[in-house]
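These numbers were taken from a predicted model, which means no experiment stands behind them. For the numbers below, each heavy atom of this structure counts, side chains included, while hydrogens, waters and symmetry mates do not.
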Amino acid sequence: MIYGAMKFSIGGSLKLAFRPWVEGLENIPERGPAILASNHLSFSDSFFLPAVLDRKVTFIAKAEYFTAPGVKGKLTAAFFKGVGQLPVDRSGARGAGEAAIKAGIQVIESGGLFGIYPEGTRSPDGRLYRGKPGGLARVALATGAPVIPVAMIDTEKIQPPGQVVPKLMRPGIRIGKPLDFSRYQGMDGDRFILRSVTDEVMYEIMKLSGQEYVDIYATAAKRQIAEGAKAKAEEAKRDRKQPAAADGNTSADGNTTADADKDRAADEDRTERSGA
């Protein structure tokens with residue numbers, strides 16, 4: 001009931017304002033369980049995809065969104081519940097991974113659509129990063145549900161980091177044909193099988209999205225970007241601390257090179273006059 005109301009209000013508004021284009025809707029089954037594995041470009045991905053589908057899609061979200069205190073916290077929790085998000089407690093020994101797997105299996109066993117981002121986080125630069133072999137592959141192999149690759153197109157351009165007002169433009173969604181991994185069902189303890197399944201899904205997403213593929217995890221890429229930005233900031237800070245005169249370099253006694261040249265010229269002039 002709540003999901004339907006939220007989908008009508010938010011989904012209808014998104015479709016009216018942004019007019020997202022969609023390819024491959026026929027690949028979504030009318031009934032029965034399936035896993036929707038998508039690239040992740042923007043916070044809005046979890047809203048645009050459900051907006052164009054007739055069926056409910058359940059994604060996972062960190063539990064903090066559902067437990068924040070105060071009126072704002074309650075409104076936030078109601079919003080995420082309304083759009084079909086499941087809370088995931090990250091405080092366990094293995095964090096969000098195990099919780100996401102359990103949540104996904106529950107959704108699939110109830111006959112629903114489970115949405116997941118194999119990259120584990122949003123892409124920091126619009127490229128497609130290596131998929132994590134835990135959640136997606138383990139849910140697929142534990143349940144035998146088909147995996148449907150999905151590519152979100154240009155959603156990161158609607159509201160880049162730091163931009164308050166969204167840009168009105170048409171994002172796209174490409175939905176691929178279902179992938180059957182039932183031949184591996186029950187082998188979710190084999191890490192080589194998990195990697196193989198994940199890589200096959202990521203390859204299909206890459207073909208749909210046209211993104212450049214980077215064979216490292218997005219979390220590692222974000223860490224590298226953050227470290228690079230920090231190093232640049234520290235270098236700029238050091239440069240600002242070094243006094244620089246407009247006319248030249250500063251010597252150890254505080255004079256610039258130009259001042260030193262003038263002093264030497266004056267000394268030479270006095271020497272010549274005294275010699276004369």
Is there a path of hydrophobic side-chain contacts, each under 4.5 Å between heavy atoms of I, L, V, M, F, W or Y residues, that connects [X] with [Y]?
{"X": "V197", "Y": "Y129", "answer": "no"}
{"X": "M206", "Y": "L179", "answer": "yes"}
{"X": "L53", "Y": "L16", "answer": "no"}
{"X": "V214", "Y": "L128", "answer": "no"}

Between [X] and [Y], what is the shortest heavy-atom contact and its length?
{"X": "P149", "Y": "L208", "answer": "O-CD1, 3.5 Å"}
{"X": "V52", "Y": "I173", "answer": "CG2-CD1, 3.7 Å"}
{"X": "I108", "Y": "A145", "answer": "CG2-CB, 3.8 Å"}
{"X": "F59", "Y": "P50", "answer": "CE1-CG, 4.0 Å"}
{"X": "V201", "Y": "A37", "answer": "CG1-CB, 3.8 Å"}
{"X": "A51", "Y": "G11", "answer": "CB-CA, 3.8 Å"}

Can you tell me which residue pairs pass the side chain to side chain donor-acceptor pair (under 3.5 Å) test with a partner in residues 218-235, sequence neighbours excluded?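 Passing the test, one end in residues 218-235: T121-K222.
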Check this for me: [X], atom [atom1], are more than 12 non-hydrogen atoms of other residues, nucleotides or ligands nearer than 6.0 Å?
{"X": "R183", "atom1": "CZ", "value": "yes"}
{"X": "Y203", "atom1": "OH", "value": "no"}
{"X": "D54", "atom1": "CG", "value": "no"}
{"X": "R55", "atom1": "CZ", "value": "yes"}

Side-chain contact, heavy-atom cut-off 4.5 Å: [X] with [Y]?
{"X": "P146", "Y": "D180", "answer": "no"}
{"X": "P171", "Y": "I158", "answer": "yes"}
{"X": "R130", "Y": "Y213", "answer": "yes"}
{"X": "I153", "Y": "W21", "answer": "yes"}
{"X": "K167", "Y": "P160", "answer": "no"}
{"X": "Q211", "Y": "M152", "answer": "no"}

For [Y], is there any backbone N or O sitting under 3.5 Å from a side-chain donor or acceptor partner on [X]?
{"X": "R138", "Y": "E98", "value": "no"}
{"X": "S196", "Y": "F192", "value": "no"}
{"X": "E200", "Y": "E204", "value": "no"}
{"X": "Y184", "Y": "A140", "value": "no"}
{"X": "D188", "Y": "L141", "value": "no"}
{"X": "R174", "Y": "A151", "value": "no"}

Out of curiosity, [X] [atom1] to [Y] [atom2], how far, rounded to the nearest 0.5 Å?
{"X": "F114", "Y": "L136", "atom1": "CZ", "atom2": "CG", "answer": "9.0 Å"}
{"X": "T143", "Y": "Q185", "atom1": "OG1", "atom2": "CD", "answer": "7.0 Å"}
{"X": "I148", "Y": "I205", "atom1": "CD1", "atom2": "CD1", "answer": "12.0 Å"}
{"X": "T155", "Y": "L41", "atom1": "OG1", "atom2": "CG", "answer": "4.0 Å"}
{"X": "K102", "Y": "I60", "atom1": "NZ", "atom2": "CD1", "answer": "13.5 Å"}

Q.
Regarding R127 and E119, does a basic nitrogen lie under 4.0 Å from an acidic carboxylate oxygen?
A.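 E119 and R127: not salt-bridged.
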Got a sec, which residues hit side-chain hydrogen bond (donor to acceptor under 3.5 Å, both in side chains) with R170, two or more places apart in sequence or on another chain?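 Per chain and number, R170 pairs via side-chain hydrogen bond (donor to acceptor under 3.5 Å, both in side chains) with no residue.
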With S44 via side-chain hydrogen bond (donor to acceptor under 3.5 Å, both in side chains) - residues at least two apart:
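For S44, the residues satisfying side-chain hydrogen bond (donor to acceptor under 3.5 Å, both in side chains) (neighbours in sequence not counted) are S42.
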query: Can you list the steps and then say if V57 with L36 is a side-chain contact (heavy atoms from CB on, under 4.5 Å)?
result: CA-CA 8 Å; V57 184; L36 304 185; 4.0 Å; yes
Evaluate the ring planes of H40 and Y117, with Trp represented by its six-membered ring, and classify them as parallel (under 30°), tilted (30 to 60°) or perpendicular (over 60°).
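The arrangement is parallel - the two ring planes meet at less than 30°.
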